[in-house]
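Structure, as structure tokens:
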Amino acid sequence: MNKIGIICALRFEARCFTSATLLAQQPVELNDKTLLILSGMGAPRARQAAQQLVEAGVNCLVSFGAAGALDPALGPGDLMAPQEVCTAGKKYTVSKTMPAAAREHLSRHNVRIHSGLLTSASEPLTSAADKQALFRQSGAIAVDMESAAVLDMAQRHGLSACVLRVILDAAHVTLPAAALRRVDAFGKADLPGLIGDLLRSSTQISPLLRLACASRRARRTMRLAAQAWLQSAAVTSLPVRDPGTNPSPAT
């Protein structure tokens, strides 16, 4: 039987699948075919989470969560279902596609789906200038921090893998320093510290409000994608994309 393991870095991403309280790096069962794990941000935590899912017996890893746009054509709430993911001189081919029923469900809700190149960075990309530079350098249209690590672990263990990432911040957006400084590895905000930062620097209030609006659009798509994924995965095997997850040199 196919058994899927979904990796979410942040708590708000995981809540799209379940309202249960999740402990870091501990798989929980969503149904008899699906496990979910909260990893925390970054490639090392994603690798650890993938290993936990491998030991739990999954045969497909899914990298699910938010991403930042590099291509100005992408906006908050758009969905990335990339065919390839690159990082540090390697390029991985995504072996599992989104089920057709899930795509149709998202299309009915006017969600734009992109299949272009996704890249994974070792640190958050916070400024518009950094995003523009990476767009020119890599040719990727969006960036996250975990997907390449998940695909690498899938390749190492001979598993299939899928990537679903929703755009949170647009390419022209520089993320507010207060939001980054006051959020932990699981996306939990230090509200007293954040309020203090805003009182000391009121110019960050407008960028934070715009980010909150973008976050609402992204979360809507995440919830739709999570619902569609679980419904589709429960009734059908996920289609396989050739040639698999073997990495090749990035171009």
Side-chain angles (χ1 to χ4, degrees), residues 6-26 28 36-49 63-72 74-80 118-135 142-147 149 165-226:
I6 301 171
I7 298 170
C8 294
L10 306 177
R11 292 191 186 278
F12 82 85
E13 297 166 348
R15 287 196 185 106
C16 296
F17 293 95
T18 178
S19 60
T21 300
L22 302 179
L23 299 177
Q25 301 294 340
Q26 294 192 21
V28 297
L36 172 69
I37 192 167
L38 176 68
S39 67
M41 287 192 291
R45 293 186 178 95
R47 289 179 183 278
Q48 182 182 352
S63 175
F64 182 94
L70 301 180
D71 186 337
L74 274 62
D78 285 4
L79 178 67
M80 282 290 297
L118 174 73
T119 188
S120 289
S122 59
E123 299 292 338
L125 244 65
T126 61
S127 75
D130 288 343
K131 295 177 191 177
Q132 291 166 8
L134 186 57
F135 183 37
V143 59
D144 73 354
M145 294 176 62
E146 297 83 25
S147 291
R165 291 278 170 167
V166 178
I167 299 301
L168 175 59
D169 50 302
H172 69 276
V173 170
T174 292
L175 298 176
L180 297 167
R181 184 167 54 248
R182 297 299 181 178
V183 174
D184 67 13
F186 301 94
K188 182 179 180 180
D190 170 16
L191 290 179
L194 179 60
I195 291 170
D197 287 348
L198 295 178
L199 290 174
R200 287 186 290 271
S201 178
S202 60
T203 58
Q204 295 191 73
I205 294 177
S206 290
L208 273 173
L209 291 175
R210 288 193 293 269
L211 183 61
C213 291
S215 178
R216 283 196 292 272
R217 291 195 292 273
R219 291 183 193 216
R220 172 185 177 271
T221 298
M222 284 186 197
R223 289 191 294 268
L224 288 169

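Excluded from the calculations below are hydrogen atoms, water molecules and symmetry mates; all remaining heavy atoms, backbone and side chain alike, are included. Keep in mind that this is a model prediction, so the values were computed, not measured.
Here CD1 of I167 is found 8.5 Å from CG of L79. Values are rounded to the nearest 0.5 Å. Atom CG of L36 sits about 5.0 Å away from atom SG of C8, to the nearest 0.5 Å. The line from CD of Q25 to CD1 of I37 is 5.0 Å long, rounded to the nearest 0.5 Å. One finds the CG atom of D144 at 12.0 Å from the CE atom of M41 (value rounded to the nearest 0.5 Å). Atom CZ of F135 and atom CG of L74 lie 9.0 Å apart (nearest 0.5 Å). If you take CD1 on I7 and CG on L38, they are separated by 11.0 Å, rounding to the nearest 0.5 Å.
For F17, the ring-ring contact (aromatic ring centres under 6.0 Å, His included) partners two or more places apart in sequence, or in a different chain, are F64. Scanning for side-chain contact (heavy atoms from CB on, under 4.5 Å) contacts around I205 gives L198, S202, L209, with sequence neighbours left out. S127 is linked by a side chain to side chain donor-acceptor pair (under 3.5 Å) to D130, counting only residues two or more places apart in sequence or in another chain. Listed by chain and number, the residues in a side-chain contact (heavy atoms from CB on, under 4.5 Å) with M145 are P124 (sequence neighbours excluded).
Two residues are said to be in side-chain contact when any heavy atoms from C-beta on lie closer than 4.5 Å; L23 and V28 fail this criterion. Counting only heavy atoms from C-beta outward, the side chains of K131 and V143 never approach each other to under 4.5 Å. At a threshold of 4.5 Å between non-hydrogen side-chain atoms, the residues L168 and P76 do not count as touching. Between L211 and L175, the closest side-chain pair of non-hydrogen atoms falls below 4.5 Å.
Of the listed residues (R165, E13, R15), just one forms a side-chain contact (heavy atoms from CB on, under 4.5 Å) with M222, and that residue is E13.
Counting only residues at least two apart or in different chains, side-chain hydrogen bond (donor to acceptor under 3.5 Å, both in side chains) contacts with residues 216-226 comprise S215-R219. Counting only residues at least two apart or on different chains, the side-chain hydrogen bond (donor to acceptor under 3.5 Å, both in side chains) pairs with a member in residues 38-49 are R47-D152.
Side-chain N or O atoms of E146 include one that pairs as donor or acceptor with a backbone N or O of G42 at under 3.5 Å. Judged by distance alone, the side chain of D184 and the main-chain N or O of K188 form a donor-acceptor pair under 3.5 Å.
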For side chain to side chain contact (heavy atoms under 4.5 Å, CB included), just list the numbers for L125 and L134, CA-CA rounded to whole Å, side-chain angles, deciding distance to a tenth of an Å, and then say yes or no. CA-CA 9 Å; L125 244 65; L134 186 57; 3.6 Å; yes

